[in-house]
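Notes for the one structure printed next.
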Amino acid sequence: MTDNVIPLTKTEPTGPEPDVTPTVLTVVPDAPPAPLTPLWVRSGRAVKTAVTHENTKSTVRAVARHSLYTFNGGRIVARRTWDGKTGARYERMIRTAEAAGNLEAAEEWEERLTRFRQARHHRRMDLLHSPVEAAKGIAVGTGVSIGVLVALGVVMAINNHDITDVITPLKATIEFIALLIRIVQVTWGTALIVGPLLALFALWAVGSKQQAAPQWALPATVRSGEGEPVTPSIVVKALRDLGVPALRNAIKDMGDAGASMLGPIRIAGCGVEVDVTLPSGVSTIEVQNRRRKLAENLTRHEHEVFITIPQAARTVRLWVADSGALDEPIGPSPLVTDETMTADYTKGKAPWGQDLRGDMAALSVYQRHLLITGLSNQGKTVALRSLALWLALDKSVQFLIGDLKGVGDWAMFERLASVFIQGPTDDHVIRVTEMVEGAVDEMNRRIQAPPKTVFPPLIVLVDEAQVAFMCPVKDDEKRPYGGSKATSRYYMAVRKIHNQGRAVNVLMWQGTQDPTDQNLPKLVREGAHTRASLALGTESQARMALGDKAVDGGAAPNLLRPGLDRGTLVVASDGIAIPAGQASITVRTHYIDDEAAQAIVERAEALRDGVTPLTLIERGEERDALADILGAMGDAPRLLTLDILKRLAVLDETAYDGWTFGDLKRVLEAEGEEPKKSNGRMVVHRDHVLRALANRDGDGSASAVE
């Protein structure tokens with residue numbers, strides 16, 4: 001038995017020699033040799049990598065695609081041949097017409113089928129006599145041909161003085177025929193090979209032209225063809241591949257390949273529009289729920305296809321944008337470009353933006369409460385502000401504005417608005433609530449006026465209204481300012497204006513974000529006549545913003561792209577022109593920046609020069625408001641503003657009933673003083689009022705309430 005010796009081969013190191021202690025190798029005698037792994041054994045990971053490699057997948061798709069082109073091309077040719085030889089085409093058209101309820105078309109196709117069958121019968125009867133006629137024709141033709149050749153030979157023999165020339169033409173003809181036979185014999189083997197290949201190539205060409213392969217097997221350039229024009233065949237194919245079995249089978253059975261489902265394709269703004277009448281057994285919701293797949297089948301992105309439900313039963317209306325058109329900005333607002341524009345609250349419409357067709361989208365705000373909602377930073381304030389900017393150009397309109405964001409988005413309205421509150425704190429919520437309650441008092445005063453009295457419009461505008469609904473602060477009577485219960489002061493004031501305000505031109509406009517039942521109660525949502533929404537996160541939020549009817553009719557602000565579709569609104573209102581049968585319309589609003597907004601407000605102020613601002617209370621005899629405030633406080637060193645307002649109302653109901661915190665603050669600020677906060681509550685200090693009276697008397701000025 002030989003010794004188990006393992007020869008070691010010394011190799012030159014490829015890098016610096018490591019500083020390690022030499023290792024002594026111990027050889028175990030009679031140790032069994034390690035099994036060698038066969039080269040054909042591969043790991044599961046290697047096999048999986050080979051299968052999922054992009055080149056492998058591309059090769060598989062290419063092989064499948066071209067094989068199916070040939071196979072399905074044969075099916076197409078066979079079907080065309082069958083249609084040409086039989087009445088199958090006419091029978092399909094008859095079934096399609098009957099399914100559509102068009103009996104006149106069905107009768108016409110039946111007449112065509114009858115004529116086709118009669119013509120086919122005549123052709124078949126002619127075939128029975130064709131062999132005899134063909135034999136007679138061949139015999140006569142052969143005899144005439146031989147006679148002509150012999151006559152030609154006689155002429156040649158006479159001319160050449162050679163009797164053998166009589167058969168020369170006949171002999172030449174026979175030799176030519178023999179040559180043709182030899183050519184066929186030589187090329188027959190090649191033709192047997194090339195002929196089937198040419199036939200297969202012809203079938204492949206037919207299948208390739210029709211793209212007769214599954215979607216996954218088509219090349220990337222075909223599957224992602226950006227900007228393809230929308231044609232009837234593309235629309236039908238997109239619907240066929242939508243994944244609705246009943247729809248696919250119905251299109252397959254239609255004699256016109258589904259063309260009867262489509263109305264005319266009309267140019268609509270930066271896209272096209274087409275109505276699709278679905279076959280029996282297919283509901284509109286099945287198409288709506290597959291919006292993304294339909295868009296991809298039309299080689300568009302999801303946001304470039306809108307599906308709405310018109311009045312016609314079992315019909316969907318598809319609007320397909322030109323590729324990339326919705327990412328291009330619209331033009332500037334007419335409010336910016338036309339410095340002579342004015343507004344008319346009663347008969348006019350605000351130029352808000354453009355609809356998807358590219359037409360101007362104008363909104364009437366006459367006696368309509370307004371609610372705009374959406375996710376943060378999507379253009380809600382700008383959309384709401386553009387309406388207010390237009391309406392400001394009507395000098396009869398007065399504004400009460402509460403901006404609970406407090407970053408200056410509404411700063412240009414500070415001098416224009418009768419009441420202007422800006423800030424996000426609880427104190428600002430209290431002041432905004434009192435402002436809205438003051439509007440309620442004004443509304444009640446108008447309601448009690450003589451019949452047919454015309455009142456100037458009063459717009460009560462609260463931006464970021466969710467801050468007011470979520471405010472936890474309570475007043476002295478333990479009534480919360482926020483919330484959605486009957487004890488909530490802000491909630492109840494808004495509800496009162498919603499209930500009766502429009503009749504006397506007191507309107508509530510609110511902007512809020514990320515609607516929920518907590519920050520936007522149901523009754524407040526449903527009290528708005530015009531409801532608009534920017535991009536939202538979920539369908540449930542879309543239903544809160546626009547209502548079930550609009551969402552069921554195709555409105556989908558939750559499918560807008562946050563950030564990319566900034567300023568795009570889905571509007572449900574009778575104040576804007578909505579296509580017949582639809583419950584909403586999508587509007588791309590104009591963007592008016594702060595500088596342009598300031599210029600518009602300055603124009604509005606110039607129009608209002610000399611116009612007396614509307615007040616929330618009816619003034620009576622002239623009173624010294626500052627002195628009345630001191631008298632209402634009595635000997636108390638400080639008193640809550642709410643208590644002062646109550647005492648002023650008792651002192652003179654005509655002058656002070658309906659006064660709000662804003663009125664009280666206005667009087668004190670005019671004298672260099674203002675209410676202060678103590679323990680989280682707004683109070684007025686008696687010393688401050690005395691100091692204001694002393695300063696006023698020294699200057700000889702007076703503060704009075706008419």
Side-chain angles (χ1 to χ4, degrees), residues 329-354 359-370 372 379-403 405-422 435 439 454-463 505-511 530 532 567 569 571 575-576 587-616 662 666:
I330 63 175
S333 171
L335 293 174
V336 178
T337 58
D338 185 2
E339 295 184 356
T340 63
M341 176 175 285
T342 58
D344 186 341
Y345 163 76
T346 304
K347 300 178 181 179
K349 290 188 176 183
W352 210 5
Q354 293 181 0
D359 300 329
M360 184 181 71
L363 178 70
S364 170
V365 298
Y366 176 65
Q367 292 189 345
R368 291 178 177 89
H369 302 302
L370 174 67
I372 299 180
K380 168 179 53 61
T381 297
V382 173
L384 183 61
R385 189 177 67 183
S386 64
L387 295 177
L389 288 171
W390 174 79
L391 197 55
L393 297 176
D394 183 340
K395 60 184 180 181
S396 67
V397 179
Q398 299 294 320
F399 292 93
L400 308 178
I401 297 179
D403 176 16
K405 183 187 295 182
V407 295
D409 290 336
W410 295 88
M412 65 287 301
F413 279 86
E414 185 171 4
R415 291 185 304 174
L416 189 67
S418 300
V419 177
F420 182 81
I421 302 169
Q422 178 179 267
M435 176 190 77
V454 179
F455 300 101
L458 175 62
I459 306 300
V460 186
L461 192 155
V462 179
D463 196 10
N505 287 331
V506 177
L507 302 180
M508 191 75 206
W509 289 12
Q510 294 183 98
T530 296
L569 284 164
V571 185
I576 193 170
V587 177
R588 303 173 69 196
T589 58
H590 294 294
Y591 175 73
I592 304 177
D593 59 26
D594 293 346
E595 183 178 352
Q598 181 64 47
I600 296 171
V601 169
E602 291 175 358
R603 285 160 43 199
E605 290 176 345
L607 291 173
R608 294 163 182 262
D609 189 21
V611 177
T612 303
L614 179 71
T615 56
L616 294 183
R666 173 176 52 80

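Residue indices begin at 1 and follow the sequence shown. Computation of the quantities below employed the complete heavy-atom set of this structure, encompassing side-chain atoms and omitting hydrogens, waters and symmetry-equivalent molecules.
Note that NZ of Lys347 is 10.0 Å distant from OH of Tyr366, once rounded to the nearest 0.5 Å. Distance check, rounded to the nearest 0.5 Å: CG of Leu458 to OG of Ser418 gives 7.5 Å. For the atom pair OG (Ser364) and NZ (Lys349), the distance works out to 6.5 Å, reported to the nearest 0.5 Å. For the atom pair CD1 (Ile600) and OG (Ser386), the distance works out to 9.0 Å, reported to the nearest 0.5 Å.
His369 places no side-chain N or O within donor-acceptor distance of the main-chain N or O of Thr530, the cut-off being under 3.5 Å. The main-chain N or O of Gly567 is found under 3.5 Å from a side-chain atom of Thr589 such that the two form a donor-acceptor pair. For Tyr345 (side chain) and Gln367 (main-chain N/O), a donor-acceptor pair under 3.5 Å exists by modelled atom type. Put simply, the side chain of Trp352 gets close to the backbone of Ala383: a donor and an acceptor are under 3.5 Å apart.
Put simply, the side chain of Leu400 does not reach to within 4.5 Å of the side chain of Leu461, judged on heavy atoms. Leu363 has its side chain out of reach of Val587: every pair of non-hydrogen atoms, C-beta onward, lies at least 4.5 Å apart. For the pair Val462/Met508, a side-chain contact is recorded, criterion being any heavy-atom separation below 4.5 Å from C-beta on. Using a 4.5 Å heavy-atom cutoff, the side chains of Gln510 and Leu370 are not in contact. Residues Ile401 and Ile421 are not in side-chain contact: their nearest non-hydrogen atoms beyond the backbone lie 4.5 Å or more apart. Side-chain contact between Ile459 and Leu391 is present, with at least one heavy-atom pair separated by less than 4.5 Å. With a 4.5 Å cut-off on side-chain heavy atoms, Val419 and Met435 count as touching.
The shortest heavy-atom contact between Met341 and Pro351 is SD-CG, 4.2 Å. Here the closest non-hydrogen pair linking Ala392 and Ala604 is O-CB, 3.4 Å. Nearest heavy-atom pair, Val506 versus Ala439, reported as atom, atom and distance to 0.1 Å: CG1-O, 4.2 Å. Annotation for His590 and Pro334: closest pair NE2-CD, 3.9 Å, computed over non-hydrogen atoms. The shortest non-hydrogen separation linking Ala597 to Ile592 is N-CG2, 3.8 Å. Of all heavy-atom pairs spanning Ala362 and Ile576, the tightest one is O-CG1, 3.4 Å.
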### Query
Can you check side chain to side chain contact (heavy atoms under 4.5 Å, CB included) on Leu507 and Val460, steps first, answer last?
CA-CA 6 Å; Leu507 302 180; Val460 186; over 6 Å; no
### salt bridge (charged side-chain N to carboxylate O under 4.0 Å, His left out) evaluation trace for Asp403 with Arg385
CA-CA 11 Å; Asp403 176 16; Arg385 189 177 67 183; over 6 Å; no
### Task
Kindly determine whether Ile372 and Leu569 satisfy side chain to side chain contact (heavy atoms under 4.5 Å, CB included), including the steps that lead there.
CA-CA 9 Å; Ile372 299 180; Leu569 284 164; 4.1 Å; yes
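Remark: Gln354 pairs with Ile330 by the side-chain contact (heavy atoms from CB on, under 4.5 Å) rule, at least two apart or across chains. For Asp344, the salt bridge (charged side-chain N to carboxylate O under 4.0 Å, His left out) test picks out no residue, with sequence neighbours left out. By the side-chain hydrogen bond (donor to acceptor under 3.5 Å, both in side chains) test, Asp593 pairs with no residue at all, sequence neighbours left out. For Pro332, the side-chain contact (heavy atoms from CB on, under 4.5 Å) partners are Thr337, not counting sequence neighbours. Applying the salt bridge (charged side-chain N to carboxylate O under 4.0 Å, His left out) test to Arg368 and every residue at least two apart in sequence or in another chain returns Asp574.
Look at Asp394 and Arg608 and you find no salt bridge, because none of the NZ, NE, NH1 or NH2 atoms lies under 4.0 Å from a carboxylate O.
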Can you list, pair by pair, the side-chain donor-acceptor contacts under 3.5 Å of residues 408-415, counting residues two or more places apart and other chains?
from: Asp409; atom 1: OD2; to: Lys405; atom 2: NZ; distance (Å): 3.3
from: Trp410; atom 1: NE1; to: Asp463; atom 2: OD2; distance (Å): 3.0
from: Arg415; atom 1: NH2; to: Glu605; atom 2: OE1; distance (Å): 3.1

